[in-house]
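First comes the structure, then the notes that go with it.
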Amino acid sequence: MIDLRKLRENKDYQSGIVRKGVDASIIEELLSLEESCRALQLEVEQLRSEQNAASKEIGMAAPEERKEKIELAAQLKIDLQEKEEEYREATEAVDTIAITIPNPADSRCPSGGEENYKVIEVVGGQILPPPMNHSEYGDFMGWVEKEKAAENMGSRFAYLTGEAVLLEFALVQYTLSKLVSYGFTPVVTPVLVREQMMVDAGFFPTDRHQVYELAEDDLFLTGTSEVALAGLHRGDLLDMTQLPVRLGGFSSCFRREAGTYGKDTNGIFRVHQFDKVEMFSFCDPLTSWEELETLRSIEQEILNELELPHRVIMVAAGDLGAPAAMKYDCEVWLPSEGQYRELTSCSNYLDYSARRMKTRVRGEEGNQLVHTLNGTACAVGRTLVFLMEHHQQNDGSFKVPEALQPFLGYDVILPPTKEI
RNA sequence: GGAGAGGUGGCCGAGUCUGGUUGAAGGCGCUUCCCUGCUAAGGAAGUAACGGGGUAAACCCUCGUUCGAGGGUUCGAAUCCCUCCCUCUCCGCCA
């Protein structure tokens, strides 16, 4: 949720929203609704104050005076109820719009859409494609089974088999131990959440169409453990000494991938279900930008140790999700496609999600909302895609990156020997 | 799934039957001060959040809201009624 007070007092705040693609007229409308709402609030509160006072008198009054006083209070109540109804409608009108307004983009974000990103850093080269692309190599190694998956589950599903599974768990182990060394608490999160949790984490109403819903039970399958991680401190008042609260969530992630028909149909680059280790931070509002840099550096450290050439881009304002004020994408070079593709990302939500969740920190001058940030530590399936292209050898074997070797047990995986 | 008990401030815990001066006793914790070689112990005071308005501004004034959530009854609800959520105990089922 945006800060309505800031919205009316701060022009930059407004323009940050416009840069996200919201029509300025909507903001104008919201502001005028909000103003009349406050005027009504004042009236309601004055009436209620009178009514409260009248009621209080009754309690103290002598029995013979009561009848008269009750009649007076009853009339006040009728007036109050009328005004309250007006006020209720006004707040509803404000809320309906306010909940859809995205967090303003930070002024440092480039303007524009998907194409207007700014390259922050490039690490490693743009190497030539290996003999097999990730999809072919997955078949070759017997690591990915998509045909049966298509029959049983539909498109965009896959079975992961053989050493790929061992690689998956090595990746998870490796990532989690790295996060622990940075002070993250590992968390295995539930993947089903209530609607309100989706709203509070900043995903609803904007991204509702991307989420699987279990209508019978009013639950939603999360597309990232971030949702449940955020909920770990919903409604809490934290101590400054606790911050940052760093959580490393592991969970399967479910995404409908609506509107991506025909896109990335090869292999397991884009599937409905994958496992992910996610970083989440509840942070002191004063240091959240530093925290964002920390998340980014951890992501890059992981990419470097997995020996994946990549670049970091700052996502343009118009391409940011609703809750993010700024976002870095780490894009890894995908040799078979000859382009950089997103593998991880991290963003600073500032107080957008915290406001909905009412997660606060006790401060010297009153309590304030915390800032929340999140970043991908390891999106396992997609990481495998890049590993399969970058570490496949000419003889078909797979060279295990050194960082993973302790967690896997060997340094090379040989192709399966053909059965006759 | 069946039967019962319960959700009160940072925490614990009264109040609910018998609705009114209870934003809520008491305790713990915390803050400030006093006392004391130091510490501990002891004494005094203070200590909810959120929202609106006032103000140049405010830790200042004022109003409102909040006793799991949302409705209802009433002049007035922590207290009565309804719905939902959650926790605990017993039974059943179960990886």
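Throughout, protein chains are lettered first and strands after them, A, B, ... in sequence-line order, and every chain is numbered starting at 1.
B:rU32 and B:rA24 are spaced 25 Å apart, taking the P atom of each and rounding to whole Å. B:rG29 and B:rC12 are spaced 15 Å apart, taking the P atom of each and rounding to whole Å. The separation of B:rG15 from B:rC80, taken at their P atoms, amounts to 13 Å, rounded to a whole angstrom. Taking atom P in both B:rC82 and B:rC17, the straight-line distance is 15 Å, to the nearest Å. Across B:rA48 and B:rU55, the matching C1' atoms stand 25 Å from one another, rounded to whole Å. Rounded to the nearest Å, the gap between the P atom of B:rG13 and that of B:rU18 is 26 Å. Spacing between B:rA57 and B:rA44 at atom P, rounded to whole Å, works out to 41 Å. Here, B:rU66 and B:rG23 have their P atoms 12 Å apart, quoted to the whole Å.
The aromatic rings of A:Phe204 and A:Phe220 sit perpendicular, their planes meeting at an angle over 60°, well past the 30° parallel limit.
Within the structure, salt bridge (charged side-chain N to carboxylate O under 4.0 Å, His left out) pairs that include any residue of residues 281-297 of chain A comprise A:Glu121-A:Arg296, A:Arg246-A:Glu291, A:Glu293-A:Arg296 (at least two apart or interchain). Residue pairs meeting the salt bridge (charged side-chain N to carboxylate O under 4.0 Å, His left out) criterion with at least one member in residues 132-151 of chain A: none, sequence neighbours excluded. For residues 402-411 of chain A, no pair satisfies side-chain hydrogen bond (donor to acceptor under 3.5 Å, both in side chains), with sequence neighbours left out. Within the structure, the salt bridge (charged side-chain N to carboxylate O under 4.0 Å, His left out) test picks out the following pairs touching residues 12-40 of chain A (sequence neighbours left out): A:Arg8-A:Glu34, A:Glu34-A:Arg38.
Judged as a ring pair (Phe, Tyr, Trp, His ring centres under 6.0 Å), and not counting sequence neighbours, the contacts of A:His233 are A:Phe282. Take A:Glu45 and apply the salt bridge (Lys or Arg N to Asp or Glu O under 4.0 Å) test, not counting sequence neighbours, and it matches no residue. Here A:Phe407 pairs with nothing under the ring pair (Phe, Tyr, Trp, His ring centres under 6.0 Å) rule; sequence neighbours left out.
Atom NZ of A:Lys67 is surrounded by 12 or fewer heavy atoms from other residues, nucleotides or ligands within 6.0 Å.
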Evaluate A:Arg341 against A:Asp264 for salt bridge (Lys or Arg N to Asp or Glu O under 4.0 Å), listing each step before the verdict.
CA-CA 11 Å; A:Arg341 297 299 307 268; A:Asp264 302 314; 3.0 Å; yes

Check residues 101-109 of chain A and write down every donor-acceptor pair under 3.5 Å in which the side-chain atom is one partner and the other belongs to a residue at least two apart or another chain.
unit_1, atom_1, unit_2, atom_2, d
A:Asn103, ND2, A:Pro323, O, 3.0
A:Asn103, ND2, A:Tyr349, O, 2.9
A:Asp106, OD2, A:Arg108, N, 3.0
A:Asp106, OD2, A:Arg108, NE, 2.7
A:Asp106, OD2, A:Arg108, NH2, 3.3

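Toward the 5' end of RNA chain B, the nearer of the two residues A:Gln46 and A:Arg5, judged by each one's closest nucleotide, is A:Arg5.
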Under 3.5 Å, which N/O atoms of the protein pair with N/O atoms of nucleotides 46-49 of chain B?
unit_1, atom_1, unit_2, atom_2, d
B:rA49, O3', A:Arg360, NH1, 2.8
B:rA49, O2', A:Arg360, NH1, 3.1

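Atom pair A:Leu369:CG and B:rG51:C1' shows a separation of 13 Å (rounding to whole Å applied). B:rC84 atom C1' lies 15 Å from atom CG of A:Asp217, rounded to whole Å. Between the CG atom of A:Asp3 and the C1' atom of B:rC50 there is a distance of 13 Å, given to the nearest Å.
Atom CG of A:Asp275 and atom OG1 of A:Thr383 lie 11.0 Å apart (nearest 0.5 Å). Summarising the geometry, atom CD1 belonging to A:Ile313 is positioned 9.0 Å from atom SG belonging to A:Cys330; distances are rounded to the nearest 0.5 Å.
If you check residues 185-195 of chain A against RNA chain B, the residues with a heavy atom closer than 4.0 Å are A:Arg194, listed by number.
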Under 4.0 Å protein heavy-atom contact, by nucleotide of nucleotides 68-80 of chain B - B base, S sugar-phosphate only:
------BBS----

Would you write the dot-bracket representation of RNA chain B, where each base gets (, ), [, ], | or . depending on whether it forms a Watson-Crick or G-U pair under 3.5 Å and with which partner?
((((((((.[[[..)....(.....]]]((((((.......))))))(((((((.....))))))).[[[[[..)....]]]]])))))))....

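In this structure, A:Arg382 is positioned above the aromatic face of A:Phe269, its NZ or CZ under 6.0 Å from the six-membered ring centre and within 45° of the axis.
Evaluation of atom-type donor-acceptor distances gives a pair under 3.5 Å for the side chain of A:Glu45 against the base of B:rG51.
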